Amino acid sequence: MTVHTAPTGAPADQAKSAELSFIGALRANMRDYGLLLALILIMLFFQYFTAGVLFKPVNLTNIILQNSYIIVMALGMLLVIVAGHIDLSVGSVSGFVGALAAMLMVGWKFPPELAFLANPIVAGAICLVVGAAIGAAQGYIIAYHRVPAFIVTLAGMLIFKGLSLAILAGKSVGPFPAEFQLLSAGFIPDVIGPTTLPWLAENGQNVVLHTTTMVIAILAVVGSVFFSIRTRARRRARGYDVEPFSLFVVKNLVIAVLVLFFAYMLASYRGLPNVLVVMGVLIAGFVFLTKRMTFGRRIYALGGNLKAAALSGVKTERTTFYIFAIMGALAALAGMIYAARLNSATPKAGQGLELDVIAAVFIGGASALGGVGQVAGAVIGAFIMGVMNNGMSIMGVNIDWQQMIKGVVLLAAVFFDLYNKNRSA
Amino acid sequence: MSKTILEMRNITKTFPGVKALSDVNLDVREGEIHAICGENGAGKSTLMKVLSGVYPHGSYEGQIVYKGEEQHFRSIRDSEHKGIVIIHQELALVPLLSIAENIFLGNEQAKNGVIDWDETRDGARKLLSMVGLTEDPDTLVTNIGLGKQQLVEIAKALSKQVQLLILDEPTASLSEKDSQALLDLLLEFKKQGITSIIISHKLNEISRIADRVTVIRDGRTIETMDTNDITEDRIITSMVGRSLEDRYPGREPKIGDVVLEVKNWSVYHPQHRDRQVIKNIDISLRKGEVVGIAGLMGSGRTEFAMSLFGKSYGQKISGDVFKNGQRIDTSSVDKAIANGIAYATEDRKHYGLNLIDHIKHNITIANLTGIARWGVIDDLAELDVANDYRKKTNIRSSSVYQVVGNLSGGNQQKVVLSKWLYANPEVLILDEPTRGIDVGAKYEIYTIINQLAAQGKAILVISSEMPELLGITDRLYVMNEGRIVGEMPTSEASQEKIMRSIVRAEGKAS
Ligand SMILES: Nc1ncnc2c1ncn2[C@@H]1O[C@H](COP(=O)(O)OP(=O)(O)OP(=O)(O)O)[C@@H](O)[C@H]1O
Ligand SMILES: [Mg+2]
């Protein structure tokens, strides 16, 4: 005997209703699209007020180079914040690792049998390991000894600020070997060879495209469309809800157009920067980690309710420990990108970066209480900050105003987010 | 007949994707105890939140007339000003503040912003004595049991000059004795002219104290019964739309060998190193057997279960656990799970659920390896699992993507159960598995327990509802003050016999 009476609208079957409405689906994803929309609007705004400088190929390339280290760290910070922690040390750690890289490759004179340590690849690997070890050490104290992350990483911030001063002996060290500079200053080689588009000539100058960049972009778009079609088909085959076809097409189309447009911009300058390749791989990896891997799922679980996660068998301590180790490695990578970009390590490098990184993650919709946040949001958040920095600099806005405006944007973004959430609750 | 104090007319409340209430009517007479009954997710809590201003005027349709005037409450404060106080299903005390501080929270006994502590303590003591508590007002709330916390909530309500007291499942987490005390308290309040609205799934309590009962089903008012018409059967019929012949499904127990044996289990209090909470417990469970642990609130049943499940409670834990004759390691939750033990908590909000995440993720979290390979989750497999369990346990929601925090209390409980069913343990410990669950759903849960037993699993049920233990178990342990003080086959057990072993043990101890 079953005694339940099906409520109106029989929920059991509702899950398998054919298609959600276009508007409903759009509204359901408003948060994600809203952020992207905000970025596009901000870009258009600056495009207008910088008299078209913002979208110049060289400037777009610059925006990417200028923000790469923020984005790299924002990926790790997202995990940290979703887990309900914070890491204030990342700026100093990145500065310290940049200094270490400089000392390994340039500053220290190794005896011949140790000379391999100065090799950029070896030095780079050492730096990553050191960064991960620093993160792991902080993570160990946070996870296993339950000292609040705020305090541990505040201490870390001071310690590594001091340490980078110490190993650089207060001086700037550089320049780096050419191979190392490639990390930030290099572009992928055009193995296919340039394409000239004479019909797009401007002021008598032909547009010359970096063909390899375009080919990679086209492959990426085709691949992504292929995967979303496949996913949609699979869901359908199992009888699950899929978004309406119209929305599906529009979404894919918009993404394809955006990607191709930016690729075209990059290709008409010097092509795909190496660091964008690194970033792209990392972003894809972190999206996968957070959305599809058990490790990622456990981070959300423990950030959402630590005790419930622990009682569900999540090894909360170990997970926290790994998160900080990953954060450390990313801070190290960011530190090297930063140093390579400046082509020298300075005692002040990295200072204050943690605030930009944290702001990016919060603008991207993560919750300070933990359990909520998306990689895509953090990346877009970082670009929102980056485009504002860039645009305001081009417009010649004073640095004091820049700071204030960024502060207001951070506040407004989080406020708007909470307002939206409360309204829908 | 006394006059109407409250009338709610044609209340309609929609959440995105769910119409929680449609055209609900409720009228409550001055000085009565009015009960609201209905299945999980019927909309009872929502109706009370509308009444008390948790959902502000404008976020619902319909009218609220209180004491002859139409009210537009915009927050809880507004309704409290008029003497309407709600005690929510999930308690809202601040755990690290003292009882006195909690009672006067937001209503501090202060002059010019300076708290008068003597006044606060005296006031608290007076209010506590009105609800029958003798606790020191300085005790931190976290250090008193759920039953007492409930009474503190009521004391808090009293401090606000309450005229209409709303209690949302106040006895769900109380022992029989505490429940009786609370109900007596309500009857006492009634004499003083306080009107109460009580939501409860415990129909025996309702038929005992309620003057009238309103039944809600699927967000609609079904009927309001007068005193003379109130019987449990009548309420059930009205709630579920048909009659329910049996409260407990029948079963042919097929009991096999011993699966789990716990020997000489001792646990000390997590903060007080010398206070032994669990004292040398020996228990065993057989395949296909449903075993209950009876005992009073605070007898250490939850503490025992949690210490067993990955040392999740206490310190200096000693004793051995054997599964199928082999010693097993249960020193961490993941090891306990890997060894086929699961524990479904009594406190779903704090220990059971990630309230900000949706149903799907909550169901799979304890067994991610079941839907993942090489650490990569198979989305669709996960969706299948979630939908499957949603159907099996009949969780009422718009889809598996509904955020768990938005589910009704009973449906949250079903999510906790689903999680552990999916983890597929050999030994399942259920701590108050039907807390806050309606009669129909209880029957469904008992059916699930029976099915699990039929599959050869061993089930240990901790429950404060003795009829439930007597109705579904094969064997009973009785626990008191951290000791097993009795063991009996359920066929030979009765409430009196259980109470007798507890009393006898207390006699011996003193
Ligand atoms: N904030 C919300 N967002 C979306 N849906 C909600 C929200 N709050 C409640 N609901 C839905 O409204 C319905 C009624 O919920 P309510 O909590 O009133 O049930 P209830 O009768 O109190 O049940 P229970 O006996 O289980 O406590 C449920 O289907 C629930 O999922
Ligand atoms: Mg409820």
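Every chain is numbered from 1, with letters handed out A, B, ... down the list of sequences. Side chains are part of it too, since the values below use all heavy atoms of this structure and drop only hydrogens, waters and symmetry mates. None of the values given here were measured: they were computed from a predicted structure.
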Take atom [atom1] in [X]; do more than 12 heavy atoms of anything else shown fall under 6.0 Å from it?
{"X": "Phe295(A)", "atom1": "CZ", "answer": "yes"}
{"X": "Tyr144(A)", "atom1": "OH", "answer": "yes"}
{"X": "Lys349(B)", "atom1": "NZ", "answer": "yes"}

Measure distances from Ala309(A) to the heavy atoms of chain B and classify the residue's part below 4.5 Å as side chain, backbone, both or neither.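 It is neither, since no heavy atom gets under 4.5 Å.
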Heavy-atom pair with the smallest gap, counting every atom of [X] and [Y]:
{"X": "Lys307(A)", "Y": "His350(B)", "answer": "CB-O, 3.6 Å"}
{"X": "Arg297(A)", "Y": "Leu368(B)", "answer": "CG-CD1, 3.9 Å"}
{"X": "Leu311(A)", "Y": "Phe309(B)", "answer": "O-CE2, 3.3 Å"}
{"X": "Phe288(A)", "Y": "Val376(B)", "answer": "CZ-CG1, 3.6 Å"}
{"X": "Thr294(A)", "Y": "Ala372(B)", "answer": "CG2-CB, 3.6 Å"}

Between Val372(A), Leu369(A), Asn305(A), which is the residue that forms a side chain to side chain contact (heavy atoms under 4.5 Å, CB included) with Ile356(B)?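 With Ile356(B) as partner, side chain to side chain contact (heavy atoms under 4.5 Å, CB included) holds for just one option, Val372(A).
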Heavy-atom pairs under 4.5 Å with chain A: which of [options] has the most?
{"options": "Val333(B), Ile377(B), Asp334(B)", "result": "Ile377(B)"}
{"options": "Ile365(B), Asn367(B), Val403(B), Val416(B)", "result": "Ile365(B)"}
{"options": "Asp438(B), Thr364(B), Asp357(B), Leu353(B)", "result": "Leu353(B)"}

Out of curiosity, Arg235(A) CZ to Asp379(B) CG, how far, rounded to the nearest 0.5 Å?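 So the CZ of Arg235(A) and the CG of Asp379(B) are separated by 7.5 Å.
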Between [X] and chain A, which part of the residue has a heavy atom less than 4.5 Å away: side chain, backbone, both or neither?
{"X": "Lys335(B)", "result": "neither"}
{"X": "Ser22(B)", "result": "neither"}
{"X": "Ile236(B)", "result": "neither"}
{"X": "Leu380(B)", "result": "both"}

Counting heavy-atom pairs closer than 4.5 Å to chain B, which one of Ala310(A), Gly296(A), Gly304(A), Ala308(A) comes out on top?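 With the most close heavy-atom pairs to chain B, the winner is Ala308(A).
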